[in-house]
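In what follows, chains are A, B, ... by sequence order, proteins preceding strands, each numbered from 1.
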Number of protein chains: 4
Amino acid sequence: MKFIERNIQSDLACEARELYPSVKGVTQEQEELGEITITRIAITTPEASKKLGKDQGNYITLEAPSLLLRPLDLFKNMTLAVKEELKKLIGNISEDAVVLVTGLGNREITPDSLGPSVTDKLLVTRHIMQYMPEAVEHKLRSLCAISPGVLGVTGIETVEIIRGAVSHVKPDILIAVDSLAARRSERISTTVQISDTGISPGSGVGNTRSGISSNELGCRVIAIGVPLVVYAATVVQDVIEMMADETGLHNDEKKLQDLAEKVITENMGPMIMTPKDIDVMVNDMSGIVADAINMTVHDAHYDEVRALIS
Amino acid sequence: MKFIERNIQSDLACEARELYPSVKGVTQEQEELGEITITRIAITTPEASKKLGKDQGNYITLEAPSLLLRPLDLFKNMTLAVKEELKKLIGNISEDAVVLVTGLGNREITPDSLGPSVTDKLLVTRHIMQYMPEAVEHKLRSLCAISPGVLGVTGIETVEIIRGAVSHVKPDILIAVDSLAARRSERISTTVQISDTGISPGSGVGNTRSGISSNELGCRVIAIGVPLVVYAATVVQDVIEMMADETGLHNDEKKLQDLAEKVITENMGPMIMTPKDIDVMVNDMSGIVADAINMTVHDAHYDEVRALIS
Amino acid sequence: MKFIERNIQSDLACEARELYPSVKGVTQEQEELGEITITRIAITTPEASKKLGKDQGNYITLEAPSLLLRPLDLFKNMTLAVKEELKKLIGNISEDAVVLVTGLGNREITPDSLGPSVTDKLLVTRHIMQYMPEAVEHKLRSLCAISPGVLGVTGIETVEIIRGAVSHVKPDILIAVDSLAARRSERISTTVQISDTGISPGSGVGNTRSGISSNELGCRVIAIGVPLVVYAATVVQDVIEMMADETGLHNDEKKLQDLAEKVITENMGPMIMTPKDIDVMVNDMSGIVADAINMTVHDAHYDEVRALIS
Amino acid sequence: MKFIERNIQSDLACEARELYPSVKGVTQEQEELGEITITRIAITTPEASKKLGKDQGNYITLEAPSLLLRPLDLFKNMTLAVKEELKKLIGNISEDAVVLVTGLGNREITPDSLGPSVTDKLLVTRHIMQYMPEAVEHKLRSLCAISPGVLGVTGIETVEIIRGAVSHVKPDILIAVDSLAARRSERISTTVQISDTGISPGSGVGNTRSGISSNELGCRVIAIGVPLVVYAATVVQDVIEMMADETGLHNDEKKLQDLAEKVITENMGPMIMTPKDIDVMVNDMSGIVADAINMTVHDAHYDEVRALIS
């Protein structure tokens with residue numbers, strides 16, 4: 001399997017795990033919650049981290065294929081499940097904690113706009129808590145949010161803009177939200193991944209973010225992502241694999257690799273694959289993620305945060 | 001080649017022609033204009049129309065691969081070339097002609113937003129010519145524009161909204177602008193196709209427009225499109241073809257077709273492939289198309305129409 | 001009071017009534033519903049219609065000043081109240097009725113964007129009911145929606161684009177949603193007006209719509225509006241009135257009128273006044289209006305329609 | 001004139017100067033350049049600064065009332081004039097200088113969106129100069145840009161996000177672009193102000209920015225603004241003044257002030273006045289400002305920067 005080895009091309013720990021099911025230093029457990037499957041993976045050794053191409057830490061994946069049918073109760077159940085996992089991962093938050101959310105990605109490219117779409121839907125309170133706390137009826141926590149834009153638009157590394165905000169805001173927790181790339185197209189817009197590892201360099205649809213991590217930024221970092229694209233190169237590799245299986249060509253790994261590289265270089269460039277109705281998907285999934293963050297940070301009920309979405 | 005036959009999956013007449021170079025009832029000529037290659041195809045018989053999956057009529061394709069490097073003079077040269085071809089196709093327009101432009105596609109999905117992006121950049125004058133013609137210094141023609149939205153958003157067939165506008169505006173010419181699907185990814189954002197055939201049912205990225213044609217609407221229809229996506233299914237087919245060539249599996253067309261269908265059904269759904277920096281491409285190409293329309297309709301110079309873009 | 005007489009400059013029937021409380025041919029009743037005041041005005045004679053500058057028919061105004069504080073339960077209560085009034089005004093709708101909503105105004109100008117913002121939030125179903133009714137779990141009604149844009153952008157009278165859609169869709173009811181101008185700034189974003197009279201020529205922020213009415217379009221028309229601006233000219237007139245009261249200048253109506261015209265002509269042009277945080281207001285109020293329409297048309301519960309907003 | 005004294009409510013130095021024409025410590029010169037009037041004001045003493053409510057430094061105002069008629073050659077001439085003044089104010093820039101532009105204001109509120117609209121139109125190069133300088137044909141300077149959003153949306157003071165970017169990018173010059181408030185409505189969208197003083201706390205339409213200045217940020221700061229609103233309170237004051245002149249009430253300053261405060265408190269809240277076609281104005285003026293910055297930073301010609309706007 002050397003052929004695929006060099007290129008996992010997935011931001012999902014569960015997909016990396018699927019490719020290397022027998023690697024040591026990884027624990028995995030699974031739970032069914034109605035229509036939602038929750039997979040909890042812990043990468044516990046540097047070797048496993050290197051093999052899977054993912055930082056050491058915890059990754060929780062929530063999958064609900066029927067989200068694509070847009071049933072109302074599943075939106076609510078998925079939001080509640082994401083909130084529960086987020087709460088468990090974060091642990092206790094003090095009443096006066098400050099949470100900074102950063103929405104990564106490019107607002108102008110639909111499948112890369114999850115991050116900015118989430119920050120648009122947050123109940124931002126930090127300025128109110130700071131300047132007129134009496135204006136808030138019941139106790140909310142201090143939440144602030146930035147969408148720093150992408151390198152190609154600003155000319156500045158995203159992590160550097162975030163670093164600036166972090167050094168001033170001094171958040172207890174930074175939540176980084178981003179569009180992800182999956183290997184398998186059926187995970188698009190049906191899956192949420194939460195991790196305590198931050199976001200690795202080169203992850204994300206835009207592919208150019210430097211690492212947004214606890215080490216880089218000096219504060220706790222939680223990452224939340226939703227797969228919204230598959231790399232075209234992944235599709236090509238998969239089709240070639242399948243054809244090789246069919247034809248017995250699999251014994252010539254070198255030739256397969258050359259073929260894959262030829263196709264990808266000649267035709268694919270830096271292409272992404274995305275469903276046609278990606279605009280609805282981004283709206284739905286950013287609603288789920290934003291609601292879950294609002295509920296977690298502000299200890300609020302589903303109906304309360306829903307009432308504020310507009 | 002039965003395998004590919006059933007599915008041309010390209011909105012470009014020149015690509016359909018590439019697949020069937022020897023079909024009768026098609027004339028083709030090519031011209032080099034600096035870095036721009038102009039291909040003029042005429043489909044002249046019903047048989048050729050059926051084989052190529054394109055209506056009878058004229059198709060002009062302008063290709064400039066180096067547009068992706070964004071050289072300023074090529075933007076200008078491409079605009080001038082598109083304008084010239086558009087003028088030739090339209091022929092004489094009387095001074096008091098009315099032109100209606102319809103920007104097809106979904107503004108919220110970046111690669112499908114060419115049409116609305118073009119209408120945003122037009123020098124719309126019909127209301128001024130009608131209500132205060134004295135406000136316009138030199139003679140402009142009457143230009144109006146609508147972006148009717150897509151079926152999934154409005155619940156109404158695009159063609160029906162256009163029909164309503166046409167029946168009131170009674171335009172001498174309807175120009176329909178749309179994002180197209182290409183077979184070959186190198187045509188994305190480097191190519192403009194102009195035709196006098198209107199837009200066929202099922203064309204376009206969104207795949208759900210009814211025919212926007214002279215027959216349907218009772219007025220002359222010119223279509224302008226820019227390929228901004230490749231269907232994922234096309235990529236899969238191409239890779240399978242290539243593997244089949246490599247492995248000699250090509251003698252079993254039935255098996256190839258089954259494989260292709262399996263992959264496409266299982267993994268691809270209605271997926272599209274698009275470059276990562278599609279936002280810049282849509283902006284650049286909609287500028288070229290809008291400038292060319294503004295110049296053609298208003299008999300204006302490049303600098304004049306450029307000065308109004310903002 | 002000739003001075004003000006020539007210029008009511010309000011799209012609200014209740015404000016026209018305040019200016020002429022003793023005009024005959026008008027009935028008015030008021031109801032308190034928690035924090036919401038509901039005023040029902042019926043203009044029953046042509047004379048009253050002329051005097052008040054409003055078409056004959058029913059106007060229901062719902063006012064809740066504390067909406068500006070954004071309390072969650074008031075959002076819900078206001079939505080329910082708007083839905084109730086809308087239902088009463090519409091009466092029975094058959095199961096297979098078709099409803100067309102048109103969002104008037106200019107999406108690019110924040111206080112004029114209520115209409116397009118509402119259509120963005122509707123649960124549009126007509127295409128599903130028509131092409132795959134089996135895809136819908138429980139019975140929904142057929143709802144479609146267009147945002148026709150404004151004359152200055154399209155070059156086409158809004159009413160003509162709507163007429164085209166109506167002639168094809170043949171809706172049982174057309175609901176026209178628009179930003180309104182109020183006389184009193186405290187009504188901005190705290191008030192919803194529903195009427196069965198359509199929208200008069202010259203109403204609305206953009207000031208250039210032709211009449212969208214039952215007579216014009218040949219189908220039932222319901223109008224829903226939210227005041228989001230005050231005309232600058234109104235403010236000037238009010239200040240001059242007040243100064244005249246203070247100084248006893250009121251006996252020289254001619255001079256007052258000249259002064260007002262001088263100020264308005266010299267400084268105000270076609271200016272509008274709007275609060276600074278108009279973006280939040282448009283989002284909140286379009287949510288309330290869209291939820292109420294979704295609930296009315298689809299016989300749905302608040303939680304159901306809220307779950308779909310994103 | 002104590003009545004007006006407490007409230008200049010203009011971001012334009014030339015308007016502050018008009019109110020206090022005889023204050024010492026201010027120099028002023030005027031130049032006519034075709035249809036453009038250029039006013040250069042220097043505030044040279046702390047006393048003058050306090051009286052005029054503007055920081056010490058240089059303010060250049062370019063006014064061209066006929067910009068509202070949108071003549072193409074005036075767009076070009078205005079751009080060239082803004083570029084010339086900007087160049088003079090900045091002086092020599094070394095070839096390897098880094099320029100950071102920050103677009104202040106709220107993208108979602110049309111008259112407050114000048115800053116983000118300008119950054120959208122800049123030729124950002126810093127990432128290219130840094131990572132692949134060979135990709136750029138002729139020598140460009142390093143330009144980067146951020147639109148930090150507003151306090152009400154992010155919960156973070158704008159100046160703090162900028163401080164973060166400055167501390168990393170270490171620009172030689174920071175150019176801050178913002179929508180301004182004028183006293184006189186005829187200055188809206190006809191005027192550009194350039195200054196070397198930065199932006200004072202409380203300036204700008206949004207009213208909540210902290211000072212963005214050389215002192216605050218430790219780098220050179222140039223501010224460019226375009227008036228796009230008039231405060232409603234200004235209009236009320238002006239009308240009251242005028243009425244007082246007419247009626248001789250002017251001898252009772254106390255009463256006038258009370259009247260003004262009553263009206264403003266009761267009806268105006270934090271209201272702004274803006275023309276109806278503000279969307280076109282923002283597009284036009286952001287084009288002029290962005291073109292001038294692109295030309296200045298990159299030593300480029302008008303046609304070159306125009307060709308890139310889309």
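When each of D:Ile162, D:Ile161, D:Val166, D:Val124 is scored by its heavy-atom pairs under 4.5 Å with chain A, the top score falls to D:Val124. Of all the listed residues (D:Glu108, D:Gln130, D:His127), the one sharing the greatest number of non-hydrogen pairs under 4.5 Å with chain A is D:His127. Chosen from A:Ile146, A:Ile156, A:Val101, the residue pairing most often with chain D at heavy-atom distances under 4.5 Å is A:Ile156.
To the nearest 0.5 angstrom, A:Leu100 atom CG is 9.5 Å from D:Thr154 atom OG1. With values rounded to the nearest 0.5 angstrom, A:Arg107 atom CZ is found 10.0 Å from D:Ser147 atom OG. Note that CD1 of D:Ile128 is 9.0 Å distant from CG of A:Leu151, once rounded to the nearest 0.5 Å.
A:Arg126 and D:Glu157 make their closest contact through NH1-N, 4.4 Å (heavy atoms, listed as atom of the first residue, atom of the second, distance).
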